[in-house]
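The next block holds one structure in the form of structure tokens; read it before the comments.
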Amino acid sequence: MRLIRQILDFVLSKLTIFIFIVLLFCVIWQVLARWLSITSTFTDEAARFMFIWVGLFGAALGHGQGRHLAIDLFTGKLSGHKKLLSNIIIHLLVIGFSASIMIYGGGMAMLKTQGQLSPVMQIPMWIIYIAIPFNGVAIAFYSFYDLFGLFCNRLISKKEEA
């Protein structure tokens with residue numbers, strides 16, 4: 001399971017960096033094109049899609065590395081069993097959200113846009129929407145992995161107490 005996590009970390013990090021570089025070039029070209037009075041609708045649409053993708057892939061990577069936005073006003077004051085229960089509930093909620101909204105909802109969006117093409121680039125829209133269920137699976141995997149770690153650590157600490 002650790003190997004899968006390492007591979008997923010590697011793929012997400014490299015993909016996020018690549019998408020960000022493409023986004024950067026698209027935006028730089030847009031600025032230059034406007035300054036030179038050149039119409040460039042292709043890079044405008046590409047930048048929009050890349051912006052969405054970099055946010056989704058970055059969110060999955062951030063969740064996996066524990067660098068996501070967390071409001072720990074209440075959970076920071078917890079300790080022991082209450083802290084463990086809080087972490088379990090949080091991971092279960094994240095898995096539920098990922099499964100219902102991102103995996104199922106993103107999959108449905110892919111199916112509903114099967115025959116649609118993007119207006120300018122003329123690529124199938126399901127290619128754009130595939131990032132949603134993919135990152136939903138990644139986020140759910142990271143939460144499962146962390147849940148598994150919580151239970152393993154709990155079992156190890158119980159064995160050490162005995």
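The shown structure was predicted, so the numbers you read here are calculated from the model rather than taken from an experiment. Position 1 is the first residue of the sequence, and the numbers go up from there.
Looking at Gln114 and Pro124, their side chains never come closer than 4.5 Å, going by heavy atoms from C-beta outward. Counting heavy atoms from C-beta on, the side chains of Thr39 and Thr41 come closer than 4.5 Å. Side-chain contact between Ile95 and Leu147 is present, with at least one heavy-atom pair separated by less than 4.5 Å.
Between Phe141 and Met1, the closest heavy-atom pair is CZ-O, 3.9 Å. When every heavy atom of Ala60 is checked against every heavy atom of Ile139, the shortest pair comes out as CA-CG1, 3.7 Å. In terms of heavy atoms, Met110 sits closest to Pro133 at SD-CG, 3.6 Å. Considering every non-hydrogen atom in both Gly106 and Ile132, the closest pair reads CA-CG2, 3.8 Å.
Within the structure, every pair that satisfies the side-chain hydrogen bond (donor to acceptor under 3.5 Å, both in side chains) test and touches residues 6-17, not counting sequence neighbours, is listed here: Asp9-Tyr142.
With hydrogens and angles ignored, the 3.5 Å screen pairs a side-chain donor or acceptor of Ser118 with a backbone N or O of Gln122. With hydrogens and angles ignored, the 3.5 Å screen pairs a side-chain donor or acceptor of Ser98 with a backbone N or O of Val94. Within the 3.5 Å criterion, the main-chain N or O of Gly115 finds no donor-acceptor partner in the side chain of Trp126.
Rounding to the nearest 0.5 Å gives a distance of 4.0 Å between CD1 of Ile7 and CG of Leu3. How far CD1 of Ile90 is from CG of Leu150: 10.0 Å, rounded to the nearest 0.5 Å. The CG atom of Leu32 sits 10.0 Å away from atom OG1 of Thr43, with the distance rounded to the nearest 0.5 Å. Here the straight-line distance linking atom CG of Leu23 with atom CZ of Phe51 works out to 7.5 Å at 0.5 Å rounding. Separation of atoms CG (Leu56) and CG (Leu15) is listed at 11.0 Å; rounding is to 0.5 Å. One finds the CD1 atom of Ile101 at 12.5 Å from the CE atom of Met108 (value rounded to the nearest 0.5 Å).
Of the options Ile88, Asp146, Leu84, a side-chain contact (heavy atoms from CB on, under 4.5 Å) to Phe151 is made by Ile88 and by none of the others.
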Could you walk me through whether Met50 and Val54 pass the side chain to side chain contact (heavy atoms under 4.5 Å, CB included) test, one step at a time? CA-CA 6 Å; Met50 293 300 126; Val54 82; 6.0 Å; no
Stepwise side chain to side chain contact (heavy atoms under 4.5 Å, CB included) check, Arg34 with Ser40: CA-CA 8 Å; Arg34 287 183 185 166; Ser40 180; over 6 Å; no
Show the numbers, then the answer: is there a side chain to side chain contact (heavy atoms under 4.5 Å, CB included) between Asn135 and Leu12? CA-CA 9 Å; Asn135 287 296; Leu12 283 176; 3.9 Å; yes
Working note: Phe49 + Met125, criterion side chain to side chain contact (heavy atoms under 4.5 Å, CB included); need CA distance, chi angles, decisive distance, verdict. CA-CA 10 Å; Phe49 294 152; Met125 287 303 291; 4.2 Å; yes
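Aromatic ring pairs are classed by plane angle as parallel below 30°, tilted from 30° to 60° and perpendicular above 60°; the pair Phe134 and Phe57 is tilted.
Taking hydrophobic clusters as Ile, Leu, Val, Met, Phe, Trp and Tyr residues chained together by side-chain heavy-atom distances below 4.5 Å, Val27 shares a cluster with Phe18. Follow the hydrophobic side-chain contacts under 4.5 Å out from Phe20 and you never reach Trp29; the two are in separate clusters. If you chain together hydrophobic residues whose side chains sit under 4.5 Å apart, Phe25 and Val120 never meet in one group. Phe144 and Val11 are assigned to two separate hydrophobic clusters, defined by single-linkage of ILVMFWY side chains at heavy-atom distances under 4.5 Å. No chain of hydrophobic side-chain contacts below 4.5 Å, direct or via other Ile, Leu, Val, Met, Phe, Trp or Tyr residues, connects Tyr129 to Val137.
Around OH of Tyr145, the count of heavy atoms belonging to other residues, nucleotides or ligands within 6.0 Å exceeds 12. By the neighbour-count criterion of 12 heavy atoms within 6.0 Å, atom CZ of Arg5 is densely surrounded, having more than that number from other residues, nucleotides or ligands.
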